[in-house]
S.K.: 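One structure coming up, written as structure tokens, with questions to follow.
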Amino acid sequence: MDKKPIALVTGATSGIGQATAQKLASMGYKLIITGRRAERLSAISSLLKGLGAEVLTLCFDVRHQDEVERHLGNLPEEWRNVDVLINNAGLAAGLEPIQEGLTDDWERMIDTNIKGLLYVTRTIAPGMVKRKKGHIFNLGSIAGKEVYPNGNVYCATKHAVDALSQAMRIDMLPYGIKVTQICPGAVETEFSLVRFHDDKSRADAVYKGFTPLQGADIAECIAAALTMPAHLCINDMVVMPVAQANSRNFFKQD
């Protein structure tokens, strides 16, 4: 009997990460899910097991290289051959002009969106290279394709993800490893709540007047890329709500 493929999803405790884990469970994957919130990980693990998936939960912060290496560099033998890596962990913090930005917010975004992605990839990719098999997904953003007012550092981090995705594709080319970047527009998750430091009224206002994407929509995009023929790689996918044309232009109704 064929072994089930293994997928690793970072930032699986909410939003796109959780939806992706659920979708992959329904597709027959074994799931390694990571996040900082132990209770949420436990709840999501139970949900995935209810879908018939085998699940390994790892509670750590991707911002810390030692934690990444300790958890992902010492996986149990039966979990080591990761077939799919979903670099989903990421966030926006603050929405101020550069001269008013909070350096704590900057460091949090840089450490999570760039360094966390690098730490995880550096730990998992060598196994893929050795096996000459694998698919890496990097969750980018429309903010990695454009720059919008007050987006400065967040946009910079997602531009870095865009560049890294292109570079990874080149580096992985001799080994037959696919690299796909998914760049969503407005997705209704905890994204805005985190950006506005738990100001719910401000976060809710972001999605008023139009139908935003949901985490499940992005999960479907990832699933579609995974089901392409072996010789086909989707390098880059920009995904928008119908009501959004780019990072700044929306059609909203009262």
Side-chain angles (χ1 to χ4, degrees), residues 1-90 116-139 168 171-172 174-180 182 215-216 218-220 222-230 233:
M1 185 171 68
D2 292 338
K3 290 184 178 180
K4 289 184 177 181
I6 298 172
L8 165 59
V9 184
T10 68
T13 53
S14 65
I16 294 171
Q18 179 179 342
T20 299
Q22 289 178 237
K23 181 64 181 180
L24 295 181
S26 74
M27 294 170 67
Y29 281 83
K30 294 173 60 175
L31 274 302
I32 303 172
I33 57 173
T34 84
R36 296 177 294 107
R37 295 174 286 186
E39 289 185 4
R40 293 287 291 272
L41 275 176
S42 178
I44 292 162
S45 176
S46 296
L47 176 63
L48 297 174
K49 288 175 181 177
L51 296 173
E54 296 177 58
V55 185
L56 175 65
T57 61
L58 299 173
C59 187
F60 66 93
D61 192 332
V62 298
R63 293 180 293 176
H64 304 305
Q65 185 178 5
D66 60 337
E67 294 186 24
V68 173
E69 292 175 349
R70 183 168 68 251
H71 286 89
L72 298 182
N74 296 286
L75 291 169
E77 184 67 34
E78 65 272 24
W79 290 95
R80 289 181 183 174
N81 294 340
V82 174
D83 298 283
V84 178
L85 168 59
I86 313 288
N87 279 316
N88 168 71
L117 181 151
L118 288 171
Y119 296 152
V120 172
T121 303
R122 179 64 181 85
T123 307
I124 296 299
M128 292 182 170
V129 167
K130 183 178 181 180
R131 297 187 302 275
K132 294 188 176 181
K133 179 184 178 183
H135 197 155
I136 299 171
F137 288 83
N138 294 329
L139 265 294
M168 283 184 199
D171 292 343
M172 298 292 106
Y175 309 103
I177 297 166
K178 299 183 181 183
V179 179
T180 299
I182 309 289
I218 306 306
E220 290 293 339
I222 291 170
L226 281 171
T227 54
M228 290 294 113
C233 179

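Quantities reported herein were computed from a predicted structural model and do not represent experimental measurements. The analysis underlying the following values was restricted to heavy atoms, covering all of them including side chains, and did not include hydrogens, waters or symmetry mates.
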S.K.: Does the R36 side chain pair with the main chain of D61, one donor and one acceptor, at a distance under 3.5 Å?
M.R.: no
S.K.: Looking only at atom types and distance, does a side-chain atom of T13 sit under 3.5 Å from a main-chain N or O of G35, one as donor and one as acceptor?
M.R.: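 Here the side-chain-to-backbone pair does not exist.
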S.K.: Mind checking the CD-CG spacing from E67 to L58? Nearest 0.5 Å is all I need.
M.R.: 11.5 Å
S.K.: Under the side-chain hydrogen bond (donor to acceptor under 3.5 Å, both in side chains) criterion, do T121 and N87 qualify, and how do the steps go?
M.R.: CA-CA 8 Å; T121 303; N87 279 316; 3.0 Å; yes
S.K.: When you measure from the side chain of S42 to the backbone N and O of E39, does any donor-acceptor pair fall under 3.5 Å?
M.R.: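 Not a single qualifying donor-acceptor pair exists.
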S.K.: Walk me through whether I32 and E54 qualify under side chain to side chain contact (heavy atoms under 4.5 Å, CB included).
M.R.: CA-CA 9 Å; I32 303 172; E54 296 177 58; over 6 Å; no
S.K.: Evaluate side chain to side chain contact (heavy atoms under 4.5 Å, CB included) for M128 paired with V82, printing each intermediate quantity in order.
M.R.: CA-CA 7 Å; M128 292 182 170; V82 174; 4.3 Å; yes
S.K.: Measure from the side-chain N and O atoms of R122 to the backbone N and O of L118, and report whether any donor-acceptor pair falls under 3.5 Å.
M.R.: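 Checked: no pair found.
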S.K.: Rounded to the nearest 0.5 Å, what separates atom CD1 in I44 from atom CD in Q18?
M.R.: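 These two atoms lie 4.0 Å from each other.
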S.K.: Should K133 and I177 count as side-chain neighbours, where that means a heavy-atom distance under 4.5 Å?
M.R.: no
S.K.: In the structure I gave you, are the side-chain heavy atoms of H71 and T34 within less than 4.5 Å of one another anywhere?
M.R.: no
S.K.: With side chains defined as the heavy atoms from C-beta onward, is the minimum distance between M27 and T227 less than 4.5 Å?
M.R.: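 A side-chain contact under 4.5 Å exists here.
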S.K.: Atom CG in L85, atom CD1 in I136: separation rounded to 0.5 Å?
M.R.: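 Interatomic distance, L85 CG to I136 CD1, rounded to 0.5 Å: 5.5 Å.
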S.K.: Indicate yes or no for a side-chain donor-acceptor contact from D83 to the backbone of G134 under 3.5 Å, with no hydrogens or angles considered.
M.R.: no
S.K.: Would I86 and L8 satisfy side chain to side chain contact (heavy atoms under 4.5 Å, CB included), going step by step from the backbone distance to the final call?
M.R.: CA-CA 6 Å; I86 313 288; L8 165 59; over 6 Å; no
S.K.: Quick check for you: to the nearest 0.5 Å, what is the distance between L31 atom CG and Q22 atom CD?
M.R.: 9.5 Å
S.K.: For the pair H135 and T180, evaluate side-chain hydrogen bond (donor to acceptor under 3.5 Å, both in side chains) and give the outcome as yes or no after the intermediate values.
M.R.: CA-CA 8 Å; H135 197 155; T180 299; 2.8 Å; yes
S.K.: Mind checking the CG-OG spacing from N88 to S14? Nearest 0.5 Å is all I need.
M.R.: 8.0 Å
S.K.: So how far is it from K23 NZ to I16 CD1, rounded to the nearest 0.5 Å?
M.R.: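 K23 atom NZ to I16 atom CD1 measures 15.5 Å (nearest 0.5 Å).
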S.K.: Determine, step by step, whether L72 and Y119 satisfy the side chain to side chain contact (heavy atoms under 4.5 Å, CB included) criterion, reporting the C-alpha distance in whole Å, the side-chain angles of both residues, the deciding distance to 0.1 Å, and the verdict.
M.R.: CA-CA 10 Å; L72 298 182; Y119 296 152; over 6 Å; no
S.K.: For residues L226 and F137, determine if any side-chain heavy atom of one lies less than 4.5 Å from a side-chain heavy atom of the other.
M.R.: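 With C-beta onward as the side chain, the pair touches.
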S.K.: Quick check: do W79 and I6 have side-chain heavy atoms less than 4.5 Å from each other?
M.R.: yes
